[in-house]
Amino acid sequence: MLCSAAGEKSALLWSMRSYTLIRRLEGHQSSVVSCDFSPDSALLVTASYDACVIMWDPYTGEQLRTLRHVPLHSTLDFSSEIHTSSLRSVCFSPEGLYLATVADDRLLRIWALELRSPVAFAPMTNGLCCMYFPHGGFIATGTRDGHVQFWTAPRVLSSLKHLCRKALRTFLTTYQVLALPIPRKLKEFLTYRTF
């Protein structure tokens, strides 16, 4: 599966087997500008100028969560323009428990998926993109003026239950998980409906 974000209010999922459109993910109120799959490919996040990150199940097209950028306290908010929270980039951490976002409000945010809220902030100017180091611990951000900045990121030791979920979801689709003869609560955990 491949996801494309072309500046429309939706993201497109494509089959890499048949090179055809699988589905259109609609739910943003403005242009989708960035997307990223979780390390186990069970989740997809999209970021938009509408200041929201939407977490999707790419197999079903279901919206699982919406993370909204809200202005920080005025002492940390560097601008009062209307579009200061327009998102520019989103990416998953290597273990799949955190997201990083870059927005026009001059902040890099790190989100804990369990908490659905930012756990760390870093001031940056002209942010354009972000990417985690493949082994974790660092985030690189690119700016519109051509600079790259490196940031330390929270490191986490994944729980055994998360490692098991990640291992299973690497090769099982949502539909395959739902067909397993296991309790409903376990299915909800394995499909990221609960953490």
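Everything numeric in this text was worked out from a predicted model, so none of it was measured.
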Answer yes or no: is there a side-chain heavy-atom contact under 4.5 Å between Leu12 and Leu2?
no
Would Val45 and Phe195 show up in the same hydrophobic cluster when neighbours are defined by side-chain heavy atoms closer than 4.5 Å?
yes
When you compare the side chain of Leu128 with that of Val102, does any pair of heavy atoms fall below 4.5 Å?
no
With sequence neighbours excluded, residues passing side-chain hydrogen bond (donor to acceptor under 3.5 Å, both in side chains) with Tyr59
none
If I compare all heavy atoms of Ile54 with all of Gln63, which pair ends up nearest, and what's the gap?
CG2-CG, 3.8 Å
When every non-hydrogen atom of Leu87 is compared with those of Cys52, the smallest separation belongs to CD1-O, 3.2 Å
My understanding is that a hydrophobic cluster links ILVMFWY residues whose side chain heavy atoms are under 4.5 Å apart, including indirect links. Using that, what else belongs to the cluster containing Leu163?
none
Apart from Leu186 itself, members of its ILVMFWY cluster (side-chain separation under 4.5 Å) are Leu168, Phe171, Leu172, Val177, Leu180, Ile182, Phe189, Leu190
Nearest 0.5 Å, what's the CZ-CG distance between Arg106 and Leu108?
15.0 Å
Pairs touching residues 128-151 that satisfy salt bridge (charged side-chain N to carboxylate O under 4.0 Å, His left out), sequence neighbours left out
Asp104-Arg144
Sequence neighbours excluded, which residues qualify as side-chain contact (heavy atoms from CB on, under 4.5 Å) partners of Ile22?
Met1, Leu13, Ser15
When every non-hydrogen atom of Arg109 is compared with those of Ala103, the smallest separation belongs to NH1-CB, 4.4 Å
Can you pull the side-chain hydrogen bond (donor to acceptor under 3.5 Å, both in side chains) pairs that have at least one residue in residues 2-13, sequence neighbours excluded?
Ser4-Trp14, Glu8-Arg24, Ser10-Arg24
Are there over 12 heavy-atom neighbours, none belonging to Phe138, within less than 6.0 Å of that residue's CZ?
no
Under the criterion side chain to side chain contact (heavy atoms under 4.5 Å, CB included), I'd like the reasoning laid out for Ile110 against Leu99: C-alpha separation, chi angles, the key distance, then a yes or no.
CA-CA 6 Å; Ile110 299 174; Leu99 289 175; over 6 Å; no
Leu64 vs Trp56 side-chain heavy atoms within contact, under 4.5 Å:
no
Counting distance only, does the side-chain N/O of Ser48 pair as donor-acceptor with the main-chain N or O of Ser30 below 3.5 Å?
yes
Minimal heavy-atom distance between Ala11 and Thr46, with the atoms involved, is CB-CG2, 3.9 Å
Check residues 149-160 and write down every donor-acceptor pair under 3.5 Å in which the side-chain atom is one partner and the other belongs to a residue at least two apart or another chain.
residue: Trp151; atom: NE1; partner: Thr141; partner atom: OG1; Å: 2.9
residue: Arg155; atom: NH2; partner: Gly136; partner atom: O; Å: 3.0
residue: Ser159; atom: OG; partner: His162; partner atom: N; Å: 3.1

Which residues satisfy the side-chain hydrogen bond (donor to acceptor under 3.5 Å, both in side chains) test with Glu188, sequence neighbours excluded?
Arg184
Looking at side-chain heavy atoms only, is the closest gap between Met124 and Thr143 below 4.5 Å?
yes
Test of understanding: with salt bridge (Lys or Arg N to Asp or Glu O under 4.0 Å), list the residues that count as partners of Asp57, not counting sequence neighbours.
Arg193
Residue list, side-chain hydrogen bond (donor to acceptor under 3.5 Å, both in side chains) with Arg17, at least two apart or on another chain
none
Lys166 versus Pro94, closest heavy-atom pair with distance
NZ-O, 3.3 Å
For the atom pair CG (Leu115) and OH (Tyr98), what is the distance rounded to the nearest 0.5 Å?
7.5 Å
Asp40 side chain to Thr170 backbone, donor-acceptor under 3.5 Å:
no
Mind checking side-chain hydrogen bond (donor to acceptor under 3.5 Å, both in side chains) for Ser34 and listing every partner two or more places apart, or none if nothing turns up?
none
Please identify each residue that fulfils side-chain contact (heavy atoms from CB on, under 4.5 Å) with Cys91, with sequence neighbours left out.
Asp36, Ala100, Cys130, Tyr132
Out of the candidates Val90, Leu43, Thr66, only one should pair with Met55 under the side chain to side chain contact (heavy atoms under 4.5 Å, CB included) rule; please name it.
Leu43
Which atom of Pro58 lies closest to which atom of Ser41, heavy atoms considered
CG-O, 3.8 Å
So is Arg169 actually on top of Tyr192's ring, under 6.0 Å and inside 45° of the axis?
no
Inter-residue atom distance Arg88.CZ - Asp105.CG, 0.5 Å rounding:
11.0 Å
Are Thr101 and Trp111 side-chain neighbours, meaning at least one heavy-atom pair lies under 4.5 Å?
yes
